[in-house]
Amino acid sequence: DAKTTQPPSMDCAEGRAANLPCNHSTISGNEYVYWYRQIHSQGPQYIIHGLKNNETNEMASLIITEDRKSSTLILPHATLRDTAVYYCIVRYQTGANNLFFGTGPRLPVIP
Amino acid sequence: SAVISQKPSRDICQRGTSLTIQCQVDSQVTMMFWYRQQPGQSLTLIATANQGSEATYESGFVIDKFPISRPNLTFSTLTVSNMSPEDSSIYLCSVGSGFGDQPQHFGDGTRLSIL
């Protein structure tokens, strides 16, 4: 069973904010929400992660709903270099584990 | 974050042959992971490699087909044995602590084509 659900497709205009939603309605209290992206011909790139609170770094912001059942990744000013496949992943907080990738939508940034 | 280098970056091989992919990290890491990404698909975990112990393989992957070495805390190899066209994929090395609150990082992969 998929632990996250993302829209099958989306796009964004260059210079605009890109808002990427993710549903994780079965998330447990000890699971983090992670976002990665994969630009063509490259390995996945870590973007951001969070547990309960909203998070911001130099790449993006992560907004997690109070019930933690969904989240939104925000790229504040999308550029053509942000065109990539975006993966939303839930991951256990404790214990050795690894990332399991589902199917993420490709976000084309349109000039 | 750690800098991860994979060699070769790409290769074209004949069926029935084997290829060893190297993964070098610029700092010591606890866990190294090997993933496969078939054309147009998402990533699938092959195995987890810890130093000093045998790799742990995911369902559908076996040691005879994908032997892994982890001689130290900065290096690992994945061998794709007796290759067939179905093995044509991108093979990615990843490193991390293995704990959920710390990001895992990836190399750019080895693009493998089998003729």
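Note that the coordinates shown come from a computational prediction; the quantities given were computed from them, not determined experimentally. Sequence lines set the chain letters: A, B, ... in the order given, protein chains first and strands last, and positions in each chain run from 1. These values consider heavy atoms only, across backbone and side chains, with no hydrogens, waters or symmetry-generated copies.
Proximity of B:Leu43 to A:Phe100: side-chain heavy atoms (C-beta onward) are nowhere separated by under 4.5 Å. Contact of the B:His105 side chain with the A:Pro44 side chain is not registered, since no non-hydrogen atoms from C-beta on lie closer than 4.5 Å. Within the 4.5 Å cutoff, no side-chain heavy atoms of A:Thr103 are placed close to those of B:Gln41.
For B:Gln6, no part sits under 4.5 Å from any heavy atom of chain A, backbone or side chain. Of the atoms belonging to A:Gln38, it is side-chain heavy atoms, and not backbone ones, that fall under 4.5 Å from chain B.
Distance CZ/B:Phe33 to CG/A:Leu99: 7.5 Å, rounded to 0.5 Å. A distance of 11.5 Å separates CG in A:Asn30 from CG in B:Asp101, rounded to the nearest 0.5 Å.
In the hydrophobic clustering of this structure, A:Leu62 does not group with A:Tyr34; members are Ile, Leu, Val, Met, Phe, Trp, Tyr whose side-chain heavy atoms approach within less than 4.5 Å, directly or through other members. No continuous path of ILVMFWY side-chain contacts below 4.5 Å connects B:Leu92 to B:Val95, so the two sit in separate hydrophobic clusters. Cluster membership for B:Tyr35 and A:Val85, using ILVMFWY side-chain heavy atoms within less than 4.5 angstrom, is shared. Cluster membership for B:Tyr57 and B:Leu45, using ILVMFWY side-chain heavy atoms within less than 4.5 angstrom, is not shared. Taking hydrophobic clusters as Ile, Leu, Val, Met, Phe, Trp and Tyr residues chained together by side-chain heavy-atom distances below 4.5 Å, B:Met83 shares a cluster with B:Ile63.
Judged by distance alone, with hydrogens and angles left aside, the side-chain atoms of A:Tyr36 form a donor-acceptor pair with the main-chain N or O of B:Gln104 at under 3.5 Å. The closest donor-acceptor contact from the side chain of A:Tyr87 to the backbone of B:Ser42 lies at 3.5 Å or more, if one exists at all. With B:Asp108 contributing its side chain and A:Gln42 its backbone, the two residues share no donor-acceptor pair below 3.5 Å.
The ring of A:Phe101 has its center closer than 6.0 angstrom to the ring center of B:Phe106.
Counting heavy-atom neighbours within 6.0 Å of B:Gln102 CD, excluding the residue itself, gives a total above 12.
In terms of heavy-atom proximity, B:Arg111 sits nearest to A:Ser41 at NH2-OG, 3.6 Å.
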